[in-house]
Amino acid sequence: MNLDFKIIDATNEIMRLHKIKPKIGLVLGSGLGEIADELEERVVIPYKTISGFPLSTVEGHKGNLVFGKLYNKSIVAMQGRFHYYEGYSMKEVTFPIRIMAKMGIESLLVTNAAGGINKDFNPGDLMLIEDMINLQGSNPLIGINLEDFGVRFPDLSHPFNKEMKKIIIESAKENNISLQRGVYAAVSGPSFETPAEVKMLRKLGADAVGMSTVPEVIVARHSGIKVLGISCISNIAAGILDGPLNHEEVIETTNKVKKSFKKLIKETIRNI
Ligand code: HPA
């Protein structure tokens with residue numbers, strides 16, 4: 001079945017189970033999925049029950065599409081996302097974003113855990129993603145253009161929405177949550193970077209590095225969805241400190257900051 005039909009089928013299937021059209025999409029990264037448990041009037045649809053959906057294989061990632069409300073705004077949240085390194089194609093990685101677009105979301109909040117490259121960053125910092133660098137070696141829009149969604153050559157001069165950036169900066173200030181700002185570089189992973197790669201990424205202008213987010217943002221922007229991105233700096237990138245990196249550290253740090261992370265996301269949603 002071609003991609004258009006797969007997207008339409010899955011969207012119809014979901015809308016049969018949950019009739020309310022969401023306005024805001026949320027993509028929740030490693031260890032950051034808990035916020036979806038706090039939505040009101042929650043309806044949880046496991047990915048495995050939706051035809052065409054891939055399955056999340058990473059520890060710390062649940063596999064649910066969660067509908068609900070926050071401050072009376074209808075939300076759809078991805079509790080767990082798909083990564084290129086899991087072996088999924090870019091089309092599979094971004095399939096849920098296509099569905100969110102089909103359901104009519106206007107804004108998308110994308111979150112992730114990332115390694116800090118900027119030497120002023122500390123584990124546990126939250127970073128507003130000002131811009132991004134795609135180093136994953138592919139692009140989810142390669143192939144026949146889905147004309148119903150957007151143009152062949154979408155503009156990415158403003159990948160992240162100016163108004164939404166203002167809102168999160170204000171929300172952080174009002175709630176005394178410190179918020180770094182920077183450029184997110186996406187690599188394919190799954191191996192962490194070498195020290196030389198981290199040096200290179202710093203020279204390229206990256207402040208943080210991760211293995212996700214960029215494909216989702218590209219597909220959302222293709223459909224004209226307004227995007228906001230937040231990284232949780234879960235560790236200092238390789239080679240800056242001496243110690244080895246591991247996924248447990250990533251989860252441990254995201255667990256530590258999840259309270260302020262949740263507060264910031266909720267307040268931002270309230271003010272959108
Ligand atoms: N590198 C790449 N991806 C990551 C990292 C990192 O250091 N931390 C969390 N995701």
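Nothing here was measured: the structure is a model prediction, and the numbers come from that model.
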Could you walk me through whether S51 and E13 satisfy the side chain to side chain donor-acceptor pair (under 3.5 Å) test, starting with their C-alpha distance in whole Å, then the side-chain angles of each, then the deciding distance to 0.1 Å, before giving a yes or no?
CA-CA 8 Å; S51 40; E13 236 174 72; 2.3 Å; yes
Find out whether the Lys NZ or Arg CZ of R42 is both under 6.0 angstrom from the six-membered ring centre of F67 and within 45° of the ring's axis.
no
Quickly, which of N112, V227, L109, I97 forms a side chain to side chain contact (heavy atoms under 4.5 Å, CB included) with V27? Name it, please.
I97
Heavy atoms of other groups near K69 NZ, more than 12 under 6.0 Å:
yes
Quick check for you: to the nearest 0.5 Å, what is the distance between K6 atom NZ and T11 atom OG1?
12.5 Å
Can E40 and N72 be said to form a side chain to side chain donor-acceptor pair (under 3.5 Å), step by step?
CA-CA 9 Å; E40 294 146 24; N72 218 26; over 6 Å; no
K263 atom NZ: more than 12 heavy-atom contacts under 6.0 Å:
no
Minimum heavy-atom distance between Y71 and E267, given as atom pair plus value
OH-OE2, 3.5 Å
Just distance, no hydrogens or angles: give the donor-acceptor pairs under 3.5 Å from side chains in residues 159-168, sequence neighbours left out.
residue: N161; atom: OD1; partner: E163; partner atom: N; Å: 3.1
residue: N161; atom: OD1; partner: M164; partner atom: N; Å: 2.9
residue: K165; atom: NZ; partner: E130; partner atom: O; Å: 3.4
residue: K165; atom: NZ; partner: E130; partner atom: OE1; Å: 3.3

Going by the angle between their ring planes, with limits at 30° and 60°, are Y47 and F82 parallel, tilted or perpendicular?
tilted
Of D207, D125, N118, the one forming a side-chain hydrogen bond (donor to acceptor under 3.5 Å, both in side chains) with Q180 is D125
Which heavy-atom pair separates P123 from T253 by the least distance, and what is that distance?
C-CG2, 3.9 Å
Note: T213 and T111 closest approach over all heavy atoms is OG1-O, 4.2 Å
